[in-house]
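This report concerns only the one structure given below.
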2 protein chains.
Amino acid sequence: MRNAFTTKPDVAQTGKIRVLIADDHVTVLEGLAAMIGRQPDMMVVAEAADGREAVELWTQHHPDVALLDLRMPTLDGVGAIEQIRKQDGAARVIVLTTYDTDNEILRAIKAGTKAYLLKDAHREELLDCIRRVNRGETCIPASLVEKLAAGLCSESLTGRELNVLELLARGKSNKEISVNLYISETTVKTHLRSIFRKLNVLSRTEAIMVANRRGLVQI
Amino acid sequence: MRNAFTTKPDVAQTGKIRVLIADDHVTVLEGLAAMIGRQPDMMVVAEAADGREAVELWTQHHPDVALLDLRMPTLDGVGAIEQIRKQDGAARVIVLTTYDTDNEILRAIKAGTKAYLLKDAHREELLDCIRRVNRGETCIPASLVEKLAAGLCSESLTGRELNVLELLARGKSNKEISVNLYISETTVKTHLRSIFRKLNVLSRTEAIMVANRRGLVQI
DNA sequence: GCCAAAATACCGAAATGATGGTAGGGCGGT
DNA sequence: ACCGCCCTACCATCATTTCGGTATTTTGGC
């Protein structure tokens, strides 16, 4: 079993940081490969087009750093991170995503990601991030830390409350939600009051907005 | 002044399709450049990081095909297309975007784009699209045509209705909207009724959902 | 088996939203 | 000058949502 203190054989051989990249957008994959391939101190050892493939290729190659998109088919980034860290708890994973909703960041960090990069990051930002993570450091932009700090103090929603919120965000009325969940309209109202209190809003429309911003539901 | 019937000097010289690419994500830009650069029949002549730069570089290079992201700083894709086509009505522009909301597609096509590609398009799809557009053909995926057909039969919102809808989508109440727009709450209700009728919905929450799906507002 | 949390449910009052009809002022086009 | 459209505005009425407080049952963990 590999661990963080094992000298990585391939690094020793090539002297390069071995990187796995995963993204369902072929353009992004090409771009990452091109940028990384040009660096003298790193190389791409595997490219995956979805989450499942990313886990398989990680198992085969055991790269120094893995760069994963959060939204991918078959298995999303968080799922892939969990699978990978089941094999190696010290695996170094960078999450690369277009969106920065609170919930996605939180889930990714809970799953054990070392760094969280937005896709509009600059070239040097991204390459430096790979180098830092390879050295065992973490790399979370200050703007994201702020978002986290703001969100962490809020209570989390229960499963049922999330069900209600999801239907709410689809534009359903209380009656429609009750029919959909096989509960009474009164119960829906009770759940809604809890949701409003937890999200610190006063109306359903506000709730939709906040839920969307926090990544609790996607409209 | 160039026009569609002028023989393009650079093509005659190099025999390659000269492509301009524009995207604010450096990764995507790199990816496009790598893919296009590998093709024997095309080459990247200019790379822009935002809309204004795209227009400037188009003016300088007059490429055969321009690949533009829709969402860019300083000037969005549609604005860039309009500027470019002011110089050359026959300019061949491909729109490349992550999202496929009805309104964005419609605006892009109205502005005179020849092709509309989603960023998760496959490699060959993208390269073939460039070749087809260079030959003067268009290239709009069937799935997008369907979306358009579905949306075209609906009435369009007036400017004031869009103002109301925007605030609505921010979770504002009728009273808050009225204060924000310096109109009475009654007027807000009148606008809302028009909005509901035009979007074919029955409540404000449904309106938010539909407006977001059609790209009328972004939450 | 017990405790805490979650899910379910009801009542009633107050606020907000939805829907009908109606209408005057402004503005651009024919 | 007239027509159509947009923006504005009001009244009345009904439906829905929001906000108190309260209570039972179910579920999961210790």
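Chain A is the first sequence line, chain B the second, and so forth, proteins listed ahead of strands; every chain is numbered from 1.
- Within 6.0 Å of the CZ atom in Arg52(B), the count of heavy atoms belonging to other residues, nucleotides or ligands does not exceed 12.
- Atom-to-atom, NZ of Lys172(A) to C1' of dT16(D) comes out at 17 Å; the value is rounded to the nearest Å.
- Two residues are said to be in side-chain contact when any heavy atoms from C-beta on lie closer than 4.5 Å; Thr205(A) and Lys172(B) fail this criterion.
- For Arg160(A) and dT8(C), the CZ to C1' distance is 9 Å, given to the nearest whole Å.
- Note on Asp120(B) versus Arg71(A): no salt bridge recorded, every NZ/NE/NH1/NH2 to OD/OE distance being 4.0 Å or above.
- Side-chain nitrogen and oxygen atoms of Thr158(A) include none within less than 4.0 Å of the OP1 or OP2 phosphate oxygen of dA5(C).
- The separation between Leu167(B) atom CG and dG17(C) atom P is 13 Å, rounded to whole Å.
- Leu75(B) has its side chain out of reach of Asp50(B): every pair of non-hydrogen atoms, C-beta onward, lies at least 4.5 Å apart.
- Listed in residue order, the members of residues 173-195 of chain B having a heavy atom less than 4.0 Å from DNA chain C are Ser173(B), Asn174(B), Lys189(B), Arg193(B).
- Within residues 199-207 of chain A, the residues approaching DNA chain D are Leu202(A), Ser203(A), Arg204(A), by heavy-atom distance under 4.0 Å.
- Between Arg160(A) and Ile183(A) the shortest side-chain heavy-atom distance falls below 4.5 Å.
- Closest contact between the side chain of Phe196(A) and the listed nucleotides dA7(C), dT18(D), dT19(C) involves dT18(D).
- Remark: Glu166(A) engages Arg170(A) in a salt bridge, criterion side-chain N to carboxylate O under 4.0 Å.
- Across the protein-nucleic acid pair, Leu157(B) atom CG and dC5(D) atom C1' stand 15 Å apart, rounded to whole Å.
- Under the 4.5 Å side-chain criterion, counting only non-hydrogen atoms from C-beta, Leu216(B) is not in contact with Thr101(B).
- With Glu161(B) contributing its side chain and Leu157(B) its backbone, the two residues share no donor-acceptor pair below 3.5 Å.
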